[in-house]
Participant: 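Structure below; questions to follow.
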Amino acid sequence: MPELPEVETVRRSLETLTVGRRIDRVDVRLLRIVRRPNPVEFMARMQGARIEAVSRRGKYLLFDLGHDVLIVHLRMEGRFGFYAAADPILMHTHVIFHFKEDMDLRYQDVRQFGTMDLLAKSDLEKFIPLSSLGLEPLDAHFTSAYLKEKLRTRRAPIKAVLLDQSVVAGLGNIYVDEILFAAQIHPERMASKLSMKDLTRIVDASVEVIQHAIQLGGSSIKSYVNGYGQPGSFQYALRVYGRQGQACLRCGSTIYKGRVAGRGTHVCLSCQKAPRAATIR
DNA sequence: CGCCAAGTCCGGGAGC
DNA sequence: TGCTCCCGGACTTGGC
């Protein structure tokens with residue numbers, strides 16, 4: 001479940017491990033991972049390319065290859081590992097980037113949900129999933145005024161809207177629950193009805209939670225590790241996610257788990273006051 | 001054994 | 001009427 005803090009942590013590790021290296025050969029072992037171009041062209045175009053930089057936008061990783069850019073989405077369980085070329089190939093290894101120095105960058109994904117897109121840098125704006133992303137939560141322009149405008153017409157519950165990548169880029173199920181708990185806002189509040197004060201609380205909570213999570217290298221709930229194979233430690237700092245049945249760290253009442261926007265949703269019903277129409281109350 | 005978990009896309013349907 | 005918005009299903013497979 002890599003969300004922004006996990007993807008950012010992976011980015012930092014891959015930056016150290018791969019920038020400046022030249023790709024000798026790419027081996028696509030599971031075709032569905034590569035969405036475009038076709039796998040033959042994908043492998044051919046990357047051969048000989050040098051990794052100039054590794055950046056991130058929302059939950060997407062971007063490998064700058066000079067003329068082209070490789071865009072990777074890890075979805076739920078995608079991960080990268082750095083190996084000696086002679087190391088045994090583990091299960092669920094779907095794409096291998098071989099470097100000159102007998103080192104490999106390997107993409108592993110039990111769920112096979114992750115995606116790779118290779119495009120010319122000049123076509124980057126045409127890549128809809130990327131070009132339609134909203135602001136990063138740590139962007140200075142991510143403010144209550146920005147959210148007010150974005151949420152003006154949105155009648156969906158605030159949780160669904162914060163999961164919408166065109167509103168804020170990089171939040172997923174874990175951090176939205178954490179942010180709404182920190183902001184003391186019920187996930188089923190209608191987005192368009194939130195006051196500027198509410199929105200300010202959401203912005204402040206977003207910055208605080210996401211910064212803290214990056215500091216701790218992300219949350220390793222299930223399988224997440226960075227490019228060095230190291231887990232994060234923010235799972236120990238989670239205040240509401242996965243704590244159903246336990247005491248609220250703020251008020252002591254019991255954390256409840258329900259369902260909002262089709263997602264498992266954790267709330268403290270004392271700290272996060274339910275609106276009249278709420279199903280979790 | 002059947003359900004759940006995750007993020008995104010897509011189609012159908014609701015609502016303004 | 002036409003558009004925007006919302007929700008649920010599909011994708012996948014391991015774990016409970």
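The sequence lines fix the lettering, A, B, ..., with proteins before strands; numbering per chain opens at 1.
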Participant: Side chain of A:H92 only, please: which of C:dG14, C:dC6, B:dG7 is the nearest?
Facilitator: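 Of the options given, the side chain of A:H92 lies nearest C:dG14.
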Participant: Using a 6.0 Å distance limit plus a 45 degree cone around the ring axis, check whether A:R250 lies over the aromatic ring of A:F181.
Facilitator: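 Verdict for A:F181: a cation-pi partner in A:R250.
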Participant: Of the candidate nucleotides B:dA5, B:dT8, C:dC11, which contains the atom at the shortest distance from the side chain of A:R259?
Facilitator: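 Taking heavy atoms from C-beta onward, the closest nucleotide is B:dA5.
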Participant: Separation of A:D109 atom CG from C:dG14 atom P, in whole Å?
Facilitator: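 In whole Å, C:dG14 P and A:D109 CG are 11 Å from each other.
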Participant: Mind calculating the distance between CD (A:Q108) and P (C:dT13) to the nearest angstrom?
Facilitator: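 Answer to the nearest Å: 16 Å.
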Participant: Take the protein atom CZ of A:R75 and the nucleotide atom P of C:dC11, then report the distance between them rounded to whole Å.
Facilitator: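 Those two atoms, CZ and P, are 14 Å apart.
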Participant: A:P157 has a side chain; which of B:dT8, C:dC7, B:dA5 sits nearest to it?
Facilitator: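 Selected nucleotide (nearest to the side chain): C:dC7.
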Participant: Atom NE2 of A:H94 to atom C1' of C:dC11: distance rounded to whole Å?
Facilitator: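 The answer, rounded to whole Å, is 14 Å.
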Participant: Just checking, A:R106 and A:Y83: is the charged tip under 6.0 Å from the six-membered ring centre and within 45° of the axis?
Facilitator: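 Cation-pi check for A:R106 and A:Y83: passes.
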Participant: Would you say that more than 12 heavy atoms from the other residues, nucleotides or ligands in this model lie under 6.0 Å from the NZ of A:K273, or not?
Facilitator: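 It does not: A:K273 NZ has 12 such atoms or fewer within range.
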Participant: Name the residue closer to the 5' end of DNA chain B, choosing between A:R35 and A:G262 according to the nucleotide with the nearest heavy atom.
Facilitator: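 Looking at DNA chain B, the more 5' nearest nucleotide goes with A:G262.
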Participant: On the nucleotide B:dT8, are OP1 or OP2 found under 4.0 Å from the side-chain N or O atoms that A:Q165 carries?
Facilitator: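 Checking B:dT8 against A:Q165, a side-chain N or O does come within under 4.0 Å of OP1 or OP2.
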Participant: May I have the distance from A:L151 (atom CG) to C:dC5 (atom C1'), rounded to whole angstrom?
Facilitator: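 Atom-to-atom, A:L151 to C:dC5, this comes out as 13 Å.
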Participant: Report the relative orientation of the aromatic rings in A:F97 and A:F63; use parallel for angles under 30°, tilted for 30 to 60°, perpendicular for over 60°.
Facilitator: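 Parallel: the ring planes of A:F97 and A:F63 meet at under 30°.
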Participant: In whole angstrom, give the distance that lies between atom CD of A:E77 and atom P of C:dT13.
Facilitator: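 In whole Å, C:dT13 P and A:E77 CD are 12 Å from each other.
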Participant: Hey, is the side chain of A:R111 poking within less than 4.0 Å of OP1 or OP2 on C:dC11, counting only N and O atoms?
Facilitator: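 Indeed not, no polar side-chain atom of A:R111 lies that close.
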Participant: Measure from the side-chain heavy atoms of A:K257 and tell me the nearest of C:dC11, B:dA5, C:dC6.
Facilitator: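 Output: B:dA5.
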Participant: Please compare A:R155 and A:L171 by the position of their nearest nucleotide in DNA chain B and report the one closer to 5'.
Facilitator: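 Closest to the 5' end, via its nearest nucleotide, is A:L171.
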Participant: Specify the residue among A:A261 and A:T153 whose closest nucleotide of DNA chain C lies further upstream toward the 5′ end.
Facilitator: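 Closer to the 5' end of DNA chain C: A:T153.
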Participant: What nucleic acid atoms does A:P129 come within less than 4.0 Å of, heavy atoms only: base, sugar-phosphate, or nothing?
Facilitator: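 The answer is sugar-phosphate, as A:P129 gets under 4.0 Å only of primed atoms, P, OP1 or OP2.
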Participant: Taking only the side-chain heavy atoms of A:V110 (C-beta and beyond), determine which of B:dG7, C:dT13, B:dC9 contains the nearest atom.
Facilitator: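 Out of B:dG7, C:dT13, B:dC9, the nucleotide with an atom closest to A:V110's side chain is C:dT13.
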Participant: What is the nucleic acid contact for A:Y175, judged by heavy atoms within less than 4.0 Å: base, sugar-phosphate only, or nothing?
Facilitator: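 The answer is nothing, as A:Y175 stays clear of every strand by at least 4.0 Å.
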Participant: Nearest-Å distance, CZ (A:R263) to C1' (C:dC6)?
Facilitator: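 After rounding, the gap between these two atoms is 14 Å.
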Participant: When the ring planes of A:H73 and A:Y60 are compared, do they come out parallel, tilted or perpendicular, using 30° and 60° as the limits?
Facilitator: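 Aromatic pair A:H73/A:Y60 classed perpendicular.
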Participant: So, is A:T115 near the phosphate of B:dT8, with a side-chain N or O under 4.0 Å from OP1 or OP2?
Facilitator: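 No, outside the criterion.
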Participant: Report the relative orientation of the aromatic rings in A:H94 and A:Y107; use parallel for angles under 30°, tilted for 30 to 60°, perpendicular for over 60°.
Facilitator: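 Ring orientation, 0 to 90° scale: tilted.
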Participant: Without decimals, in angstroms, what is the distance between A:I33 CD1 and B:dT8 P?
Facilitator: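 Rounding to the nearest Å, CD1 of A:I33 and P of B:dT8 are 15 Å apart.
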Participant: Kindly say if A:H73 contacts the phosphate of B:dG7, meaning a side-chain N or O under 4.0 Å from OP1 or OP2.
Facilitator: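 So the side chain of A:H73 is outside the cut-off, no N or O lying under 4.0 Å from OP1 or OP2 of B:dG7.
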